[in-house]
Amino acid sequence: MKKFYLSTPLYYVNSSPHIGHAYTNIAGDVQARFHRLLGDEVFFLTGTDEHGQKIKRAAEEQNLSPQDFVDKTSDNFKILWQTLNVRTDDFIRTTEPRHKKVVQKVIKDLYEKKDVYESVYEGFYCVPCESFWTETQAADNKCPDCKRDVEFIKEKNYFFKLSKYQDWLISHIEKNKDFIKPTERYNEVLSFLKGNKLNDLCISRPKERLEWGIEFAFDPDYVTYVWFDALLNYISAAGCFSDKAKFERLWPADFHFIGKDILRQHAIYWPIMLKALELPPPKCVFAHGWWLVEKDSGSEKMSKSKGNVVSPLDIVEEFGKDCFRFFLLREVPFGLDGKFSYKAMIQRVNSDLANDLGNLVFRSLNMVEKYFMGRIPEAGKEMPAEYKKVIDELPEKYLKSMKDINFYLSLENIWELVRIANKSVEEKKPWSLAKEKKIKELENFIYFLMESLRIISIYLYPFIPETCQKIYNQLGLDKPLDKADFQKEIEWGSLPSGLATKKGEPLFPRIET
RNA sequence: CGCGGGGUGGAGCAGUCAGGUAGCUCGCAAGGCUCAUAACCUUGAGGUCGUCCGUUCAAAUCGGACCCCCGCAACCA
């Protein structure tokens with residue numbers, strides 16, 4: 001059994017989850033379910049990032065202690081993953097002891113190794129924002145965030161020797177074309193590394209200014225910079241320093257799903273941190289695009305201002321979890337930016353899910369009831385010619401696009417089969433066969449129509465698991481799809497005859513506008 | 001000349017590496033069918049493939065120049 005370790009980023013809990021968070025975890029869940037289908041031993045990790053000054057401030061605004069605040073906000077994420085049917089194997093919080101121990105030990109080890117050292121930080125500091133800025137950022141001595149004056153400060157801090165490993169990282173990236181995906185991001189990182197000299201990373205914050213963080217084991221006046229803390233979750237959750245067998249089994253991670261905004265941390269800081277620890281880097285960091293939100297209310301578009309953020313929970317309530325999952329992955333080629341609008345969502349759900357898939361399932365089951373009293377008829381011998389091409393080609397196309405994380409294309413590939421099935425009904429005219437009493441021919445046709453529904457459900461299962469399970473159940477199969485074996489399940493003709501079908505309500509009611 | 005990505009019918013994309021009638025999904029229009037969620041199927045309209053120049057029998061595809069859009073440019077999760 002092959003292991004497959006994939007992760008999402010740890011989400012910063014100073015605000016509520018938005019559509020972008022949902023996107024990353026849904027993509028991860030699709031990937032995880034796909035690998036489980038293939039029989040891999042999957043470890044799918046998500047969690048929350050809970051330290052830093054922004055958290056402290058947000059907690060103060062609500063009159064809560066930072067710990068009470070993060071306990072509450074972290075739950076918002078847990079609830080969302082349940083709502084979206086995102087099934088992870090672990091949920092790590094950076095405030096947990098299992099994580100803190102790892103961070104402290106890493107810093108201590110690196111300090112002893114001299115990859116972490118003391119120095120003096122010089123730069124611009126905005127007091128009200130509690131933020132550092134570089135000279136270029138703080139042009140005219142103004143904070144780019146709040147536009148107030150910044151002051152020049154000097155203070156002792158701890159630094160991590162990024163610079164020492166720059167050449168190693170360049171050669172690692174050049175030798176591993178799959179390390180950063182998609183290609184645009186690969187080029188972006190590589191050209192950046194070649195064209196710029198890395199500065200060492202300041203990984204400490206003096207406690208006098210910020211106390212909500214993981215304390216340095218050997219210097220209680222300092223806490224850890226949040227990114228240095230957060231990235232280490234990928235090894236602390238995998239059992240680093242605590243469960244040797246688990247860690248050796250899981251590490252290196254196979255896949256880090258991230259948004260393109262945190263590429264640098266994952267493609268530069270993180271592999272270098274691991275290198276310094278003498279651990280292998282993750283096999284792949286995949287940076288996807290963003291969702292730009294425009295809301296359609298009636299005929300006019302609302303501008304995207306702060307109060308107009310689309311909540312994933314609201315969308316799920318309105319459309320259902322599978323519609324939302326499907327939309328996010330079908331609408332936009334994975335990796336590129338997309339635009340979210342209710343109009344696009346409704347159109348997508350109506351045309352692909354209600355009209356094509358939902359109606360296909362409904363009309364097919366209806367014919368089984370009408371012509372065969374709700375029993376799957378006897379199988380014919382040969383696969384009908386119209387299915388042959390798409391059924392023969394689908395496994396290879398699907399496996400390739402799934403492995404390339406080209407979800408948009410995978411769905412496109414599956415829909416070829418959906419369209420063939422719909423088309424075959426028009427061409428065979430089962431209602432005519434029934435009238436003409438061509439029973440053998442009708443049985444044969446209906447059997448393969450049902451079989452195509454079953455096959456579609458397996459391919460589609462990682463994307464819309466709940467619906468696919470429903471289709472299986474409606475066909476009279478009670479097998480749980482989350483335990484299915486892909487290679488076995490996609491075998492054409494394995495649907496037993498005689499099953500009692502259970503037609504339900506349409507899977508996706510058309511949304512009237 | 002900082003680095004990178006991109007400009008293809010109304011929208012979103014494929015095709016560019018290996019030049020040879022411009023393809024897919026949605027939307028739109030007409031027709032067909034009735035098992036079905038006014039769903040499904042067929043056909044059609046719609047493109048000087050960012051601009052200009054060059055190579056070639058032939059360029060979305062190769063070469064050059066230019067215009068425009070979007071990312072990245074470091075203590076910010």
Side-chain angles (χ1 to χ4, degrees), chain A residues 9-15 48-55 121 123-126 129-134 136-137 143-145 157 159-160 162 182-205 225-231 259-265 268-269 289-290 330-333 336-339 344 347-348 350-356 358-371 408-409 411-412 415-416 419 421-434 446 449 505-512:
Chain A
L10 294 200
Y11 302 106
Y12 204 58
V13 291
N14 68 334
S15 60
T48 44
D49 179 10
E50 308 184 351
H51 290 120
Q53 59 263 60
K54 285 189 181 172
I55 302 285
Y121 174 81
F124 295 90
Y125 185 62
C126 173
C129 287
E130 297 182 78
S131 296
F132 286 113
W133 304 103
T134 61
T136 35
Q137 288 170 321
C143 169
D145 235 15
N157 263 309
F159 289 80
F160 172 57
L162 280 183
T183 317
E184 305 93 273
R185 303 297 160 207
Y186 176 93
N187 292 336
E188 190 179 305
V189 172
L190 190 58
S191 69
F192 171 77
L193 282 171
K194 284 182 167 178
N196 298 274
K197 183 142 179 30
L198 288 174
N199 286 332
D200 291 343
L201 184 67
C202 177
I203 61 161
S204 64
R205 293 293 180 273
Y225 165 52
V226 283
W227 264 113
F228 200 85
D229 158 0
L231 286 165
K260 65 179 184 180
D261 49 337
I262 52 174
L263 179 60
R264 178 164 314 244
Q265 290 82 350
I268 299 178
Y269 302 168
W290 287 342
R330 177 64 185 81
E331 181 70 3
V332 172
L336 304 184
D337 289 353
K339 279 189 212 111
Q347 192 176 296
R348 196 94 240 171
N350 275 348
S351 86
D352 288 358
L353 293 180
N355 295 355
D356 287 349
N359 184 52
L360 173 67
V361 171
F362 192 75
R363 73 197 297 208
S364 303
L365 286 164
N366 195 59
M367 286 188 272
V368 174
E369 290 196 346
K370 192 155 183 162
Y371 303 134
Y408 170 91
L409 187 58
L411 289 168
E412 190 98 16
W415 247 250
E416 284 176 34
R419 290 194 193 97
N422 265 321
K423 198 169 161 178
S424 75
V425 179
E426 302 308 316
E427 283 171 355
K428 275 286 171 191
K429 302 190 195 314
W431 51 91
S432 302
L433 296 178
I446 295 291
L449 184 59
E505 292 299 301
L507 296 168
F508 302 102
R510 246 184 98 79
I511 302 158
E512 300 306 330

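Chain letters run A, B, ... following the sequence lines, proteins first, then strands; residues in each count from 1.
The partner of B:C3 is B:G71, judged by Watson-Crick or G-U wobble contacts that both fall below 3.5 Å. Here B:A30 sits opposite B:U42 as a Watson-Crick or G-U wobble pair (both hydrogen-bonding atom distances under 3.5 Å). Across all strands shown, B:U56 remains unpaired; no Watson-Crick or G-U wobble contact has both distances below 3.5 Å. With a 3.5 Å ceiling on both atom-pair distances, B:C49 lacks any Watson-Crick or G-U wobble partner. Of all nucleotides present, none satisfies the Watson-Crick or G-U wobble test against B:U21 with each distance under 3.5 Å.
Taking atom C1' in both B:C62 and B:U56, the straight-line distance is 10 Å, to the nearest Å. Of the C1' atoms belonging to B:C24 and B:C66, the separation is 32 Å, rounded to the nearest Å. Nucleotides B:G20 and B:C49 are separated by 15 Å at their P atoms, to the nearest Å. Only the C1' atoms considered, B:C26 is 16 Å distant from B:A45, to the nearest whole Å. For the P atoms, the distance from B:G27 to B:G12 is 16 Å, rounded to whole Å. Rounded to whole Å, the separation between the P atoms of B:A38 and B:C70 comes to 43 Å. Here the separation of B:A60 from B:U16, taken at their C1' atoms, is 7 Å to the nearest Å. The separation of B:A11 from B:C72, taken at their C1' atoms, amounts to 28 Å, rounded to a whole angstrom.
Counting only distance, with no hydrogens or angles, the side chain of A:K428 and the backbone of A:V425 share no donor-acceptor pair below 3.5 Å.
Taking side-chain N and O atoms only, A:K260 has no distance below 4.0 Å to OP1 or OP2 of B:C70. A sub-4.0 Å separation between OP1 or OP2 of B:A36 and a side-chain N or O of A:N366 is present. Distances shorter than 4.0 Å separate none of the side-chain N or O atoms of A:N355 from OP1 or OP2 on B:U37. For the OP1/OP2 pair of B:A39 and a distance below 4.0 Å, the side-chain nitrogens and oxygens of A:R510 include at least one atom meeting the criterion.
Remark: C1' of B:C33 and CZ of A:R363 are 10 Å apart, rounded to the nearest angstrom. Taking atom CD of residue A:Q347 and atom C1' of nucleotide B:C28, one finds them 11 Å apart after rounding to whole Å. Going from atom CD1 of A:I262 over to atom P of B:G71 covers 18 Å, rounded to whole Å. Atom CZ of A:F362 is separated from atom P of B:A38 by 10 Å (rounded to the nearest Å). Rounded to whole Å, the distance from OH on A:Y186 to P on B:G4 is 14 Å. A:D352 has its CG atom 13 Å from the C1' atom of B:C24, to the nearest Å. Rounded to a whole Å, the CG atom of A:D356 is 14 Å from the C1' atom of B:C24. In this structure, A:E416 places its CD atom 9 Å from P of B:U25, rounding to the nearest Å.
Of the candidates B:U25, B:C35, B:G27, B:G27 carries the atom nearest the A:S351 side chain, counting heavy atoms from C-beta on. The A:R185 side chain lies nearest to B:G71 when the options are B:C26, B:G12, B:G71. Checking B:A74, B:U25, B:A77 against every side-chain atom of A:Y269, the shortest atom distance belongs to B:A74. Nearest to the side-chain atoms of A:N187 among the listed nucleotides B:G27, B:G4, B:A77 stands B:G4. Proximity note for A:K370 (side chain, C-beta onward) versus B:A77, B:C35, B:A74: the nearest is B:C35. The side chain of A:W431 lies closest to B:U34 when the candidates are B:U34, B:G71, B:A77. Considering only the side chain of A:E188, B:C72 comes nearest among B:A36, B:C72, B:U25. Distances were taken from every side-chain heavy atom of A:A354 (C-beta onward) to each of B:A77, B:U37, B:A74; the shortest belongs to B:U37.
Nearest approach of A:G358 to A:F508, heavy atoms of both residues: CA-CD1, 4.3 Å. Contact record, A:A344 with A:E331: CB-OE2, 3.8 Å, taken as the closest heavy-atom pair.
In this structure, the separation between CG on A:N355 and CZ on A:R510 is 4.5 Å, given to the nearest 0.5 Å. Distance check, rounded to the nearest 0.5 Å: CZ of A:R185 to CG of A:L190 gives 14.5 Å. Atom OG of A:S424 and atom CG of A:N422 lie 7.5 Å apart (nearest 0.5 Å).
Taking 4.5 Å as the limit, some side-chain heavy atom of A:F160 sits within range of a side-chain heavy atom of A:L162. Looking at heavy atoms from C-beta onward, A:L449 lies in side-chain contact with A:L360 at the 4.5 angstrom threshold. In this structure, A:Y269 and A:I262 have side chains that are not in contact, with every pair of non-hydrogen atoms separated by 4.5 Å or more.
Nucleic acid contact for A:P509: base, since at least one base atom lies under 4.0 Å from a heavy atom of the residue. Contacts of A:V226 with the nucleic acid, taken as non-hydrogen atoms under 4.0 Å apart, involve only primed sugar atoms and P, OP1 or OP2. Counting any heavy atom pair closer than 4.0 Å across all strands shown, A:L10 reaches no nucleic acid atom. Within the nucleic acid shown, A:L263 has no heavy atom closer than 4.0 Å to any nucleic acid atom. At the heavy-atom level, A:Y371 lies under 4.0 Å from the strands shown only through sugar-phosphate atoms. Residue-level contact check: A:E412 touches the backbone only, with heavy atoms under 4.0 Å from sugar-phosphate atoms and none from bases.
Each of A:D261 and A:S191 was matched to the nucleotide of RNA chain B holding its nearest heavy atom; the match closer to the 5' end belongs to A:S191. Both A:R264 and A:S364 lie close to RNA chain B; mapped to their nearest nucleotides by heavy-atom distance, the more 5′-ward contact belongs to A:S364.
For A:N422 against B:A39, no side-chain N or O and base N or O form a donor-acceptor pair under 3.5 Å.
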